[in-house]
2 protein chains.
Amino acid sequence: MSQGSDAIDLQTSLGYLLKEASSALRAAMEEVLRPLGMTITHYSCLELLAQRPGLSNSELARGAFVTRQSMSVLLQALERDGYVTRAAQPSVGKALPTRLTPRGRRSLEKASKAVRAVELRMLAGLSEDEQAAAFRILTSMTHSLRDGGAQD
Amino acid sequence: MSQGSDAIDLQTSLGYLLKEASSALRAAMEEVLRPLGMTITHYSCLELLAQRPGLSNSELARGAFVTRQSMSVLLQALERDGYVTRAAQPSVGKALPTRLTPRGRRSLEKASKAVRAVELRMLAGLSEDEQAAAFRILTSMTHSLRDGGAQD
DNA sequence: CACCATATGTCAGACTTCTGACATGAGTCA
DNA sequence: TGACTCATGTCAGAAGTCTGACATATGGTG
């Protein structure tokens with residue numbers, strides 16, 4: 001089962017398993033968001049704004065794990081379609097605070113419910129202790145990867 | 001900080017943390033693979049072929065978590081550049097078994113070493129027990145998401 | 001045999017995201 | 001004041017991936 005020193009055993013590689021789980025989560029989310037006409041980034045953006053109104057484009061991009069450029073494209077569409085509003089002019093610096101409109105909030109409600117169901121399904125087989133362990137483990141992985149790499 | 005029953009608290013959502021960790025892993029892998037002129041899917045394809053020679057396009061796509069179409073585009077480039085070889089005609093069905101060339105194997109060696117370092121860094125803060133728990137947890141999450149959703 | 005469901009490989013087009021580049025605004029410091 | 005650094009928003013083009021569609025090959029079933 002185990003390989004030599006050079007090879008990575010995909011069957012037991014935690015990196016591979018992490019990617020596999022993330023891929024399954026993404027597929028499950030896309031499946032429930034598609035009928036609502038939303039992509040994952042689209043949903044993530046609305047959810048972030050619901051919890052922290054006034055986030056800027058760059059802050060939203062970081063929170064949704066995409067580039068500023070990608071989030072900018074999305075925000076322009078969301079603003080055009082009336083889901084969010086942005087200050088016409090920056091209050092400080094160049095950052096334009098963004099907020100949900102009532103329409104955006106309504107749209108988010110259905111999506112949030114669907115996504116929550118997916119998350120519950122994901123956790124179905126895990127005990128309370130395992131969920132707590134998952135929290136610690138995922139947090140540790142993230143920080144280890146960030147601290148060791150180049151600061152972006 | 002906590003919301004009503006509808007909202008998802010991103011700070012403690014395991015779904016969000018999973019995406020965050022996966023995003024950090026992806027960024028770290030892209031950082032080390034870019035100097036080698038490889039994307040993650042590119043690397044994944046070679047690694048899969050090293051461990052299971054003769055995989056078809058569709059099997060590689062499933063293993064790398066992309067569509068057949070995406071893997072097909074990649075395989076055509078890899079074959080053109082001499083990293084892999086494909087049977088000219090299918091031995092059974094339409095599946096074309098693919099194998100690494102010596103050049104592909106050499107190319108993979110460097111990449112595999114770099115990716116292994118990233119994975120070790122990711123696990124740096126975790127005990128043996130926690131790594132075992134991570135294995136169980138990620139596997140459970142994947143299967144729960146798949147079993148509950150539509151069979152693709 | 002014919003029919004159907006499933007799986008595969010491929011082409012074409014569109015979408016999303018990314019990289020690279022530039023200009024603007026704020027803060028630090030000599 | 002001026003120079004420098006950093007963060008932000010945006011534009012333009014490229015890269016990767018996706019959806020939709022079609023033809024082909026296999027196996028099961030009537």
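Keep in mind that this is a model prediction, so the values were computed, not measured. Letters A, B, ... mirror the listed sequences (proteins, then strands); counts begin at 1.
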Review point. For Asn57(B) and dA7(C), what is the distance between atoms CG and P respectively, to the nearest whole Å?
Key: 15 Å

Review point. Charged N to carboxylate O under 4.0 angstrom, Glu31(B) versus Arg26(B)?
Key: no

Practice item. Check whether any side-chain N or O of Thr41(B) sits under 4.0 Å from OP1 or OP2 of dT17(D), and answer yes or no. Key: yes

Revision key, fill the gap. Of Thr39(A) and Gly93(A), the one whose closest nucleotide on DNA chain C sits nearer the 5' end is Thr39(A)

Practice item. Check whether any side-chain N or O of Glu119(A) sits under 3.5 Å from a backbone N or O of Ser13(B) as a donor-acceptor pair, and report yes or no. Key: no

Practice item. Rounded off to whole Å, could you give me the CZ-to-P distance for the Arg68(B) and dC11(C) pair? Key: 13 Å

Revision key, fill the gap. Judged by nearest nucleotide, the residue sitting upstream toward the 5' end of DNA chain D, Arg86(A) or Val92(B), is Arg86(A)

Practice item. Please report, rounded to the nearest Å, how far the C1' atom of dA15(D) is from the CG atom of Leu33(B). Key: 16 Å

Revision key, fill the gap. Out of dG9(D), dC18(C), dG9(C), minimum distance to the side chain of Thr67(A) belongs to dC18(C)

Review point. Can you tell me how far C1' of dA7(C) sits from CG of Leu55(B), to the nearest Å?
Key: 16 Å

Point to revise | Interatomic distance where CG belongs to Leu75(B) and P belongs to dC11(C) [whole Å] | key: 13 Å

Study note, to complete from the structure: Against the side chain of Ala95(B), the closest entry in dT17(D), dG9(C), dT8(D) is dG9(C)

**Study point:** Backbone of Ser44(A) reached by a side-chain donor or acceptor of Glu47(A) within 3.5 Å
**Key:** no

Review point. At under 4.0 Å between heavy atoms, what does Leu74(B) touch on the DNA or RNA strands: base, sugar-phosphate, or nothing?
Key: nothing

**Study point:** dG9(D) base / Gln76(A) side chain donor-acceptor hit below 3.5 Å
**Key:** no

Exercise for review: Give Ser58(A) one of three labels, base, sugar-phosphate or nothing, depending on what nucleic acid heavy atoms sit under 4.0 Å from its own.
Suggested key: sugar-phosphate

**Study point:** Exam field: side chain Tyr83(B) to backbone Leu46(B), donor-acceptor pair closer than 3.5 Å
**Key:** no

Point to revise | Rounded distance in Å - CD (Gln89(B)) to P (dT10(C)) | key: 13 Å

Check your understanding: Are Ser70(B) and dC18(D) close enough that a side-chain N or O sits under 4.0 Å from OP1 or OP2?
Key -> yes

Study note, to complete from the structure: To the nearest angstrom, the CG-P distance between Leu96(B) and dT26(D) comes to 12 Å

Exercise for review: Report the residue (Ser72(A) or Lys94(B)) whose heavy-atom-nearest nucleotide on DNA chain D is the more 5′ of the two.
Suggested key: Ser72(A)

Check your understanding: dT8(C) phosphate, OP1 or OP2: any side-chain N/O from Arg62(B) under 4.0 angstrom?
Key -> yes

Check your understanding: Is there a donor and acceptor pair, one atom on the side chain of Gln69(A) and one on the base of dG20(C), closer than 3.5 Å?
Key -> yes

Practice item. Please determine if Arg68(A) and Glu59(A) form a salt bridge, counting it only when a charged side-chain N lies under 4.0 Å from a carboxylate O. Key: no

Revision key, fill the gap. In whole angstroms, the gap separating P of dA7(C) from CG of Leu60(B) amounts to 17 Å

